Engineer: 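What follows is a structure written as structure tokens; I'll ask about it next.
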Amino acid sequence: MHIVVVNRWPRFHDGPRWDFSLGRFEELIDHDRHRVSYVVDPVGATGVLADPAKIASLVQIDDVNDFEALRDAVRQVAEEVGPVDRLVAVSEFTLSIAAEVREALDIPGPRPADVAVYRDKLRMKETVAEAGVRVPSFASCADRGAAVEFARSTGFPLILKPVGGAASIGIHRVEDEAALTALLDQVDTADYELEEFIDGAIYHVDGFADQDARIPFMAVSRYINDCLSFEAAGEPLGSVVVQASPLRERVEEFARRCVSALGMTSVPFHLELFLTPGGELVFLEVAGRIGGAEVPYLTEKLFGINLFRPWLDAVCEGGATLPPRVGDPSGGWLIIPKPGGLPARVTSVTSMREEFGTIWRELVPAVGDVMEPGGSYDAVHSGRFILVGDEATVEEDIRKIIAGFHLETVPVQE
């Protein structure tokens with residue numbers, strides 16, 4: 001079989017960073033049994049660590065999200081090595097473009113229509129709602145007048161978000177009609193939607209859907225703060241794995257209904273939902289990939305499951321087997337975002353590892369480091385922590401770390 005991997009992720013060979021350490025293509029795909037090629041961008045090239053002698057072809061392009069460039073690169077690989085049997089893409093930002101290339105070059109695997117149920121936020125909510133699951137009221141912004149009428153009838157605040165977005169990028173909480181019309185002037189309305197604002201705690205479920213859309217493994221977690229506040233307001237973001245309880249059982253059943261309704265098969269998923277003050281569960285969104293931030297590393301630590309393995313086994317070997325869940329562990333993670341006023345040099349930083357025995361991993365910048373703007377959850381932030389322990393203790397420690405962590409910087413002249 002000829003497998004082509006599209007990679008836009010780096011790998012960090014030295015130092016304390018653990019980002020992307022689980023997506024080890026050289027270990028998770030049998031390079032002796034299969035012919036394995038790579039299409040990468042300049043950053044993704046650093047993440048290809050397979051023995052060069054075992055790589056059938058490697059093509060570097062400027063942007064793996066440029067459809068024509070990716071299509072032509074895959075076509076070039078096919079001409080050099082032979083027909084492509086599988087096109088592998090594991091980043092949220094390459095799922096759709098890879099599906100388009102599969103369709104254009106007639107490569108087996110998910111097509112754009114298949115991927116749309118977990119990439120197109122309008123399509124996913126329509127599909128889940130048809131199965132009787134509660135979703136926020138929503139409307140496309142493609143018709144600006146209709147979007148404004150929806151806002152008037154639904155009431156403010158509302159959430160404005162990209163239909164195909166990820167990582168809370170481009171999402172706005174809209175407080176009134178004047179703010180809405182101003183924002184609609186700034187975006188491509190065809191690519192945006194409006195959603196009813198739901199008040200409640202946000203949970204996430206991370207697992208794997210098998211070939212029959214059943215879920216052999218999932219873990220339920222509760223956010224501390226929320227992704228929008230992290231992205232838009234620079235607030236800390238954390239999460240705690242929920243241990244056995246009637247609520248967890250309800251959330252697990254809710255996840256099963258959503259994954260089944262969407263027909264998600266042979267993929268990992270990251271599903272988010274609300275728990276309202278009245279106890280109602282409301283669908284937020286789902287992604288057909290492994291959860292971001294520290295989710296995959298904590299999942300492997302607690303449950304011994306690297307979700308990249310069943311995903312790549314399903315794609316490359318035709319099936320996946322997950323080990324049975326053992327025990328009822330908990331843990332959590334916390335990201336304290338970068339300060340404002342970047343670039344800036346770190347003059348003082350608080351290590352929390354010695355104070356909290358629950359901390360398994362800690363990543364803080366060193367004194368003298370220059371912090372640069374940009375990056376998502378996997379950037380070097382003011383502080384990143386992964387904790388292991390019982391649910392209540394981990395949550396308590398996360399809140400104490402938020403209160404006690406301290407970082408000081410001085411501006412750097414550009």
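If you're wondering where the values come from, they're calculated on a predicted model, not measured in any experiment. Only this structure's heavy atoms are used, side chains among them; waters, hydrogens and symmetry mates stay out.
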Engineer: I would like to know whether His204 and Phe269 meet ring-ring contact (aromatic ring centres under 6.0 Å, His included); could you show each step before the answer?
Structural biologist: CA-CA 10 Å; His204 61 93; Phe269 65 88; over 10 Å; no
Engineer: Between Val39 and Ser57, is any pair of side-chain heavy atoms under 4.5 Å apart?
Structural biologist: no
Engineer: So, does Lys301 use its side chain to make a donor-acceptor pair with the main chain of Val388 at under 3.5 Å?
Structural biologist: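 Absent.
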Engineer: Looking only at non-hydrogen atoms, find the nearest pair between Ile290 and Pro296 and report the distance.
Structural biologist: CG2-CB, 3.7 Å
Engineer: In the structure I gave you, are the side-chain heavy atoms of Leu334 and Phe405 within less than 4.5 Å of one another anywhere?
Structural biologist: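 Leu334 vs Phe405: side chains apart.
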Engineer: Between Ser140 and Leu122, what is the shortest heavy-atom contact and its length?
Structural biologist: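 Closest pair (atom of Ser140, atom of Leu122, distance): CB-CD1, 3.8 Å.
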Engineer: Do we see a donor-acceptor contact under 3.5 Å between the side chains of Arg144 and Thr189?
Structural biologist: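 Side-chain D/A pair, Arg144 to Thr189: absent.
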Engineer: For Arg11 and Ser21, which heavy atoms make the closest approach, and how far apart are they?
Structural biologist: NE-CA, 4.5 Å
Engineer: Are Glu355 and Arg353 ion-paired here, with the side-chain N under 4.0 Å from a carboxylate O?
Structural biologist: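 Answer for the salt bridge query: no.
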Engineer: Give, for atom CD1 of Ile29 and atom NZ of Lys54, the distance between the pair rounded to the nearest 0.5 Å.
Structural biologist: 13.5 Å
Engineer: Taking the side chain from Thr46 and the backbone from Val43, do they hold a donor-acceptor pair closer than 3.5 Å?
Structural biologist: yes
Engineer: Side chains of Val40 and Leu58: does their closest heavy-atom pair fall under 4.5 Å?
Structural biologist: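 Side-chain contact under 4.5 Å: yes.
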Engineer: Is a side-chain N or O of Arg345 found less than 3.5 angstrom from the main chain of Val370, in a donor-acceptor match?
Structural biologist: no
Engineer: Looking at Asn65, Leu70, Val101, which hits side-chain contact (heavy atoms from CB on, under 4.5 Å) with Thr94?
Structural biologist: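 Result for side-chain contact (heavy atoms from CB on, under 4.5 Å) with Thr94: Asn65.
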Engineer: If every non-hydrogen atom of Val394 is compared with every non-hydrogen atom of Gly389, which pair is closest and at what distance?
Structural biologist: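 Closest pair (atom of Val394, atom of Gly389, distance): CG2-N, 3.5 Å.
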Engineer: Treating Thr409 as the side-chain partner and Val346 as the backbone partner, does any N or O pair qualify as donor plus acceptor under 3.5 Å?
Structural biologist: no
Engineer: Any side-chain heavy atom of Val205 within less than 4.5 Å of one from Val251?
Structural biologist: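 Counting from C-beta outward, Val205 and Val251 do come under 4.5 Å.
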Engineer: So, Ser229 side chain and Ala233 main chain: donor-acceptor pair closer than 3.5 Å or not?
Structural biologist: no
Engineer: Would you give me the side-chain donor-acceptor pairs under 3.5 Å for residues 313-323, sequence neighbours excluded?
Structural biologist:
unit_1, atom_1, unit_2, atom_2, d
Glu317, OE1, Arg33, NH1, 2.1
Glu317, OE2, Arg33, NH1, 3.4
Glu317, OE2, His34, NE2, 2.9

Engineer: Using a 3.5 Å distance criterion without hydrogens, assess whether the side chain of Arg222 forms a donor-acceptor pair with backbone atoms of Ile202.
Structural biologist: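 Such a contact is absent between Arg222 side chain and Ile202 backbone.
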Engineer: Regarding Arg111 and Asp114, does a basic nitrogen lie under 4.0 Å from an acidic carboxylate oxygen?
Structural biologist: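 Answer for the salt bridge query: no.
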Engineer: Tell me whether Arg71 is salt-bridged to Glu100, with the criterion being a basic N under 4.0 Å from an acidic carboxylate O.
Structural biologist: no
Engineer: Quick check: closest heavy atoms across Lys121 and Pro162, and the distance to 0.1 Å?
Structural biologist: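 Looking at all heavy atoms of both residues, the closest pair is CD-O, 3.5 Å.
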Engineer: Between Leu271 and Cys258, does the side-chain contact (heavy atoms from CB on, under 4.5 Å) criterion hold? Intermediate values first, please.
Structural biologist: CA-CA 9 Å; Leu271 183 149; Cys258 294; 3.6 Å; yes
Engineer: Evaluate the criterion side-chain contact (heavy atoms from CB on, under 4.5 Å) for residue pair Ile3 and Val88; output intermediate values, then yes/no.
Structural biologist: CA-CA 7 Å; Ile3 299 165; Val88 174; 3.7 Å; yes
Engineer: Could you go through Ser137 and Glu195, starting from their C-alpha distance and side-chain angles, then the distance that decides it, and tell me whether this counts as side chain to side chain donor-acceptor pair (under 3.5 Å)?
Structural biologist: CA-CA 6 Å; Ser137 300; Glu195 280 186 12; over 6 Å; no
Engineer: Is it the case that atom CD in Glu354 sees more than 12 heavy atoms from other parts of the structure closer than 6.0 Å?
Structural biologist: no
Engineer: Quick check: Phe230 with His381 (ring centres under 6.0 Å apart)?
Structural biologist: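 Under 6.0 Å, so yes.
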Engineer: If you measure from the Lys or Arg side-chain nitrogens to the Asp or Glu carboxylate oxygens, is any gap between Glu193 and Lys125 under 4.0 Å?
Structural biologist: yes
Engineer: Kindly indicate whether the side chain of Val90, heavy atoms from C-beta on, has any atom under 4.5 Å from the side chain of Trp9.
Structural biologist: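 Yes; the side chains approach each other to less than 4.5 Å.
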Engineer: Has the side chain of Asp41 got a donor or acceptor atom that lies under 3.5 Å from a matching backbone atom of Ile61?
Structural biologist: no
Engineer: Not counting sequence neighbours, which residues clear salt bridge (charged side-chain N to carboxylate O under 4.0 Å, His left out) with Arg256? List them please.
Structural biologist: Glu253
Engineer: Quick one: is the NZ or CZ of Arg17 closer than 6.0 Å to the six-membered ring centre of Phe12, and within 45° of its axis?
Structural biologist: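 That pair qualifies as a cation-pi contact.
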Engineer: Tell me if the aromatic rings of Tyr203 and Phe274 count as close, with their centers under 6.0 Å from one another.
Structural biologist: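 When the ring centroids of Tyr203 and Phe274 are compared, they turn out to be at least 6.0 Å apart.
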Engineer: Is any side-chain heavy atom of Trp18 closer than 4.5 Å to one of Arg384?
Structural biologist: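 Yes. Closest side-chain heavy atoms under 4.5 Å.
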Engineer: Would you say the side-chain atoms of Asp85 and His2 include a donor-acceptor pair closer than 3.5 Å?
Structural biologist: no
Engineer: Decide, yes or no, whether a salt bridge links Arg399 with Glu395 under the criterion of side-chain N to carboxylate O below 4.0 Å.
Structural biologist: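 Salt bridge: yes.
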Engineer: Between Ser376 (side chain) and Asp378 (backbone), is there a donor-acceptor pair under 3.5 Å?
Structural biologist: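 Between the backbone of Asp378 and the side chain of Ser376 there is no qualifying donor-acceptor contact (under 3.5 Å).
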Engineer: When you compare the side chain of Leu160 with that of Ile171, does any pair of heavy atoms fall below 4.5 Å?
Structural biologist: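 When only atoms from C-beta onward are counted, Leu160 and Ile171 do not touch, as no gap falls below 4.5 Å.
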Engineer: Just by distance, do the side chain of Asp120 and the backbone of Val117 share a donor-acceptor pair under 3.5 Å?
Structural biologist: no
Engineer: Nearest heavy-atom pair of His31 and Glu26: which atoms, and what distance?
Structural biologist: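 Minimum heavy-atom separation between His31 and Glu26: CE1-CA, 3.6 Å.
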Engineer: Could you tell me the separation between the CZ atom of Arg119 and the CD atom of Glu285, rounded to the nearest 0.5 Å?
Structural biologist: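 If we round to the nearest 0.5 Å, Arg119:CZ and Glu285:CD are 10.0 Å apart.
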Engineer: Please assess Glu396 against Lys400 for the test salt bridge (Lys or Arg N to Asp or Glu O under 4.0 Å), listing each intermediate value before the final yes or no.
Structural biologist: CA-CA 6 Å; Glu396 181 181 6; Lys400 287 179 178 178; 3.2 Å; yes
Engineer: Before you tell me yes or no, could you show the steps for Leu237 and Tyr377 under side-chain contact (heavy atoms from CB on, under 4.5 Å), namely the whole-Å CA-CA distance, both residues' side-chain angles and the distance that decides it to 0.1 Å?
Structural biologist: CA-CA 10 Å; Leu237 176 66; Tyr377 303 107; 3.7 Å; yes
Engineer: Would you confirm whether Ser330, through its side chain, and Val241, through its main-chain N or O, come within 3.5 Å as a donor-acceptor pair?
Structural biologist: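 Yes; judged by distance alone, with no hydrogens or angles, the pair exists.
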Engineer: With no hydrogens and no angle check, just 3.5 Å: does a side-chain donor-acceptor pair link Tyr223 and Glu272?
Structural biologist: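 Distance-only check passes for Tyr223 and Glu272.
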Engineer: Got a salt bridge between Arg173 and Asp226, using NZ or NE/NH1/NH2 to carboxylate O under 4.0 Å?
Structural biologist: no
Engineer: Taking the six-membered ring of Phe283, is the NZ or CZ of Arg134 close enough (under 6.0 Å from the centre) and on axis enough (within 45°)?
Structural biologist: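 Ring-cation test returns no.
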Engineer: Just wondering, do Leu387 and Ile398 contact through their side chains at under 4.5 Å, heavy atoms?
Structural biologist: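 Yes - at least one pair of side-chain heavy atoms lies under 4.5 Å apart.
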Engineer: Name the residue from Leu363, Thr358, Ile402, Ile336 that meets the side-chain contact (heavy atoms from CB on, under 4.5 Å) definition with Phe385.
Structural biologist: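 Testing Phe385 for a side-chain contact (heavy atoms from CB on, under 4.5 Å) against Leu363, Thr358, Ile402, Ile336 leaves exactly one candidate, Ile336.
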Engineer: Quick check on Asp62: does its CG atom have over 12 non-hydrogen neighbours (other residues, nucleotides or ligands) under 6.0 Å away?
Structural biologist: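 No, because the 6.0 Å sphere around CG of Asp62 holds 12 heavy atoms or fewer from other groups.
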Engineer: Salt-bridged, Arg248 to Asp328, with N to O below 4.0 Å?
Structural biologist: yes
